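Quick notes on the structure that follows.
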Amino acid sequence: MGSWRGKSNLFKRTGSVPVKDLTLRKYESMQASSRLDEMLRMLKEVFGETDDIAIRQFRIFGSFNAAAVFLEPMVDQDRINRDILQPLMTALKDEQAQGLHASRVADYALHDYLHAADASAEVMIVPMLLAVTSGETVICIDGSHKALIVNTRDIKKRAIEQPQTEQVIRGPREGFIESLDTNIALVRSRLSTTDLKVKMAPIGRRGNTNVAVCYLSSIADPAIVERVLGRLAKIDTDAILDAGYIEQFIEDQPFSPFPQIQNTERPDKTAAALLEGRVAILSNGSPFALIVPCFFSQFYQTLDDYTERFLIGSLIRIIRLVALVTSLIFPALYVSLISFNPELIPTDFAVAVAGGRAGVPFPTVMEVLMIEISMEILREATIRLPQLIGGALSIVGVLIIGQAAVSAGFSSPITVVIVAFTTIGSFATPAYNAAIALRMLRFPLIMLAGSFGLFGVLIGLLFIANHLLALESFGVPYMAPFVPNSWQGFKDLLMRGPIWWMRKRPSHLHTLDADRLPPDAADAPMLRTLQYAGEEDSRAHE
């Protein structure tokens, strides 16, 4: 974890650490000059070709030459005037000015005059330059090796809104935005505990994107935390523009169609993951949090499963699982039964299918592939078009194009129905990246079904199962708690057990504190139910 600490120190502007930015590499071990003109010359050399840099020269306490350096679009200039220039340009009284040397001005101003909560003194050149590029103000003082760095960042951001990709019927309506500080605050507002630790560092040679790693120190396995920090420290790229970049750098099996890192826009879902012993990764500029490690079962679970009563949540989850299986194997089963095993179909249904396929010039496998590809094109076009036009296109595509294909003899009605059910089933999968994985695997299954029938479908499913069993997410089995099995995990797998019944955290995460509920509180609702039943029996007996 040493390299990560080095990066974290760089973010906190303390110490001299290796710099990957090629522009700053020549200043890597340089300290600030005590001559103001030399500092301004160096700053103009670095920022001279950009027109949004501002250098405001003034006199601290009316006696010492100084200059405030900042990027105009990224700062709050009212704050600079109010918290920096106004107090520092106030002349000192004679007794205060006596004995004040230029070398002590920085410390004196920092501790007695600056009206800013986030301010520090710095002697190294690289942290000063990075501070300017991140929206902070650097104050250089003539005769002092120290420069003052004051946080005056004010970057416009959108308001907190309801997440667009994870809609819920019952639950909070807050979602992450592109501001890292705001996202951390949303998580902390739900976990008001000193156990919540946040490790921060910039990643990228030129972008220097701030990334935060969040975990609960009393719950999360230290080995998993170390593994996450180690993989992040090895990322060496120009810039991180979204959390999706980080996901591709740190996942275990990049060539697997299945996602091994969960992403979410919801602060409440992130807080719930932290309480289970997982680690969350937040990136500045991205409204998504990455959650590691993860199981395959997490991708078909939603917040509604837990905010509703467990009977309702279990029913919804079972329906979602049926839709998931349908979206994967329904077209392949249809192709294999029609092409290879029609004897398994009831006679009346077989006659109806044969009548519907009369006049279709393509084999069943080609027909299904054509309709599936057309549906994928239509789905992609609907996503990329503006919202108003996209809704109209989806209706036109489903009603008119489908009916026209049947009327023209390119497809049978039963094939259109099968593909429609498959598409609806894929929409029921909550996680978009998991739904895409199933959509990808649907095509090789259809081709195997067209080549070998039910035997081909079975072989394809065995390959998929074998791949899932071999996957890991940060050292944790991907198919846990199904394989390797865990009784506690089965309470929240196919069905969602009562919350007061799930008193243990996932065992495969190896958490430091395995208990969610104290042993005497786990069955309290059940005990109350039995007590109430006993009271009713006693009343009836009386």
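These numbers come from a predicted model, not from an experiment.
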Glu178/Arg158 salt bridge by N-O under 4.0 Å criterion:
yes
Only residue of Leu275, Leu196, Asp268, Leu274 satisfying side-chain contact (heavy atoms from CB on, under 4.5 Å) with Arg190 is Asp268
I would like to know whether Thr182 and Ser179 meet side chain to side chain donor-acceptor pair (under 3.5 Å); could you show each step before the answer?
CA-CA 5 Å; Thr182 303; Ser179 171; 3.2 Å; yes
Compare all side-chain heavy atoms of Pro477 with those of Pro484 and state whether any distance is below 4.5 angstrom.
yes
Are Glu372 and Arg439 close enough for a salt bridge, meaning some N to O gap below 4.0 Å?
no
Taking it one step at a time, do Val211 and Ile281 satisfy side chain to side chain contact (heavy atoms under 4.5 Å, CB included)?
CA-CA 7 Å; Val211 175; Ile281 304 171; 3.8 Å; yes
Arg442 to Tyr334, cation-pi by 6.0 Å centre distance and 45° axis angle:
no
Does Trp501 offer a backbone N or O that forms a donor-acceptor pair with the side chain of Lys491 under 3.5 Å?
yes
Is a side-chain donor or acceptor of Tyr478 paired with a backbone partner of Pro259 at a separation under 3.5 angstrom?
yes
Heavy atoms, side chains only, cut-off 4.5 Å: are Glu166 and Leu303 in contact?
no
Chi angles and distances behind the salt bridge (charged side-chain N to carboxylate O under 4.0 Å, His left out) call for Lys504, Asp492
CA-CA 11 Å; Lys504 296 286 186 181; Asp492 191 24; over 6 Å; no
From the list Arg317, Lys269, Arg170, salt bridge (charged side-chain N to carboxylate O under 4.0 Å, His left out) with Asp305 holds only for Arg317
Would you please test Leu471 and Phe258 for side chain to side chain contact (heavy atoms under 4.5 Å, CB included) and show each step?
CA-CA 9 Å; Leu471 281 180; Phe258 293 99; 4.1 Å; yes
Do the side chains of Ser412 and Glu367 get nearer than 4.5 Å, heavy atoms only?
yes
Smallest separation among heavy atoms of Leu232 and Ile203, with atom names
O-CD1, 4.0 Å
Which heavy-atom pair separates Ala332 from Leu445 by the least distance, and what is that distance?
CB-O, 3.7 Å
Counting only N and O atoms by type, is there a donor-acceptor contact under 3.5 Å from the side chain of Thr364 to the main-chain atoms of Ser339?
no
Please determine if Arg278 forms a cation-pi arrangement with Phe474, meaning its NZ or CZ atom is less than 6.0 Å from the six-membered ring centre and no more than 45° off the ring axis.
no
